[in-house]
2 protein chains.
Amino acid sequence: MNRTLTKVLPNRIPAQGALGLDITAEVVIFTIRQNELQVLLVPADHHSQRGLWMLPGGVVGWEDDLDTCASRALAAQAGVHGVYLEQLYTFGDPDRCPDRRVIAVSYYALIPIHRAHFGGPKGDRHIDWFSVANLPTLVLDHATIVELARERLVAKLDYSTIAFQFLPESFTLSELQSVYEIILGEQLDKRNFRKRVLALKCLQQTAELRRNGSHRPARLYQLCTPGKVEYIK
Amino acid sequence: MNRTLTKVLPNRIPAQGALGLDITAEVVIFTIRQNELQVLLVPADHHSQRGLWMLPGGVVGWEDDLDTCASRALAAQAGVHGVYLEQLYTFGDPDRCPDRRVIAVSYYALIPIHRAHFGGPKGDRHIDWFSVANLPTLVLDHATIVELARERLVAKLDYSTIAFQFLPESFTLSELQSVYEIILGEQLDKRNFRKRVLALKCLQQTAELRRNGSHRPARLYQLCTPGKVEYIK
DNA sequence: GCAAAAGTGTTCGAGATACACCCATGA
DNA sequence: TCATGGGTGTATCTCGAACACTTTTGC
């Protein structure tokens, strides 16, 4: 399997190769864009996979930690550092790749809305964002990986503050609610949502308001401990 | 790192070897014994690790699925087939093993009380059960792996019927309660426990009673769908 | 003044918690 | 008859769900 990242980082020495076994890190990079949960995909470049898409990732180098390898893919493909990144699952079916044995350690990452560059009408032609609800055909088992990541994300909404990772440093409660609604795929009650989220005691009001059209401006909030994902309840 | 399992299964061809990279599957095998949550450990046999213990596991063979490899370790070390087995996390720090590069895909398994043989005063001298609350010194990062598995198990008690996997086909509600109490490390109220667990609608009364001493016999229950772990609430 | 999003409280029901006594048996 | 674990019901509290109107702004 030829990986875009291998080209981007030609100096990597794969941890394996001689016997045809590779260990890769594959990253499901989520963001909220166009009122959808979207993932960043790169075009497959192997001739037999023309027209298919795949997850950003790369071969784990001899000296690489798995997390480091995932971070590198994230930096190379999405151009971001320091975002939320979590290991998901390791896929090792000997037949998952027809050419060679590839064990994929999958990760998922969350990119804040304001840092989701690349893609879209004016974006880099080589990578793009896609709605998870409407994915193109992906190589190998990558669609399974995306689905597993989505399920994990949905589950974590319930018992952690992970959703806050999609937002910039300060944000309105309506923006936060919208993140939840998009990921869960359902409308939430505004009053109950605000009550619940403020009861977590991990948000603080700022003095600022956001003016955003011909209506009442919204209060901005910040996380008490930015970047930290907490378990709740 | 020399693995007991490698000896047990000398016919396995490691997926790697030439460049000194191995992929192993390591299994945290839990059971309830002696009113404790215990794990099965094997003595480390590498000379520099004399006296230390390690998790059962084995090198992933070229043709092995990861799950298959974990199952094989489970069968070889604990002598059981078909028990609950779930992938946990993949550890890939390049420095986790001083000798060579080893990427460990960890699993955890639950063995029903009545099938936990091996170990103990009369058991095989080469492997033994240990209380997770009082582990001997383990090789490498194996203590971290056990702790992660324990945390996952505790978390799953809350939102799944995973605890039922520790019990035989039919069991009393007191036995079930005891499993919860041991894993959680706290006493539970008998009436509330029974109410909650029966409200799950996944247990059925049997016609049988268990006579177990000079007191009222206990009703035996069975899972409606044995072997199936369900998510709850 | 009107359109559009921000902001705010109360009621209700379900499920969790706390709690104490009688039952069936074997010795 | 007594020691032992099995088995049961009620009152209370907490938390989530449902629900509608006023506020502030820009045009």
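Reminder, nothing fancy here: chain letters follow the sequence lines and each chain counts from 1.
Residue R219(B) places none of its side-chain N or O atoms closer than 4.0 Å to OP1 or OP2 of dG7(D). The shortest distance between the side-chain N/O atoms of K233(B) and the OP1/OP2 oxygens of dA16(C) is below 4.0 Å.
Between the C1' atom of dA17(D) and the CZ atom of R191(A) lies a distance of 11 Å, rounded to the nearest Å. To the nearest angstrom, P of dG5(D) lies 6 Å from NE2 of H215(B). To the nearest angstrom, C1' of dG7(D) lies 5 Å from CZ of R216(B). As a whole-Å value, the separation of Y221(B) OH from dG6(D) P is 12 Å. Q177(B) has its CD atom 14 Å from the P atom of dG5(D), to the nearest Å.
Scanning all heavy atoms of the two residues, the minimum distance from E36(B) to S131(B) falls at OE1-CB, 3.4 Å. Pairing each heavy atom of A25(B) with each of V60(B), the nearest pair is N-CG2, 4.0 Å. When every heavy atom of Q177(B) is checked against every heavy atom of D189(B), the shortest pair comes out as NE2-C, 4.1 Å.
For E230(A) and T225(A), the side-chain atoms include at least one donor-acceptor pair closer than 3.5 Å.
In this structure, F91(A) has its ring center under 6.0 Å from that of Y89(A). F171(B) and Y221(B) have their aromatic ring centers separated by at least 6.0 angstrom.
Within residues 160-174 of chain B, no residue approaches DNA chain C, by heavy-atom distance under 4.0 Å. DNA chain C is contacted by N192(B), K195(B) of residues 192-204 of chain B, taking any non-hydrogen atom closer than 4.0 Å.
Within the 3.5 Å criterion, the main-chain N or O of E208(A) finds a donor-acceptor partner in the side chain of T206(A). Proximity of a side-chain donor or acceptor of T68(A) to a complementary backbone N or O of D64(A) within less than 3.5 Å is not detected.
Comparing S214(A) and D189(A) along DNA chain C, the residue whose closest nucleotide (by nearest heavy atom) sits nearer the 5' end is S214(A).
Nucleic acid contact for N212(B): none, since no nucleic acid atom lies under 4.0 Å from a heavy atom of the residue.
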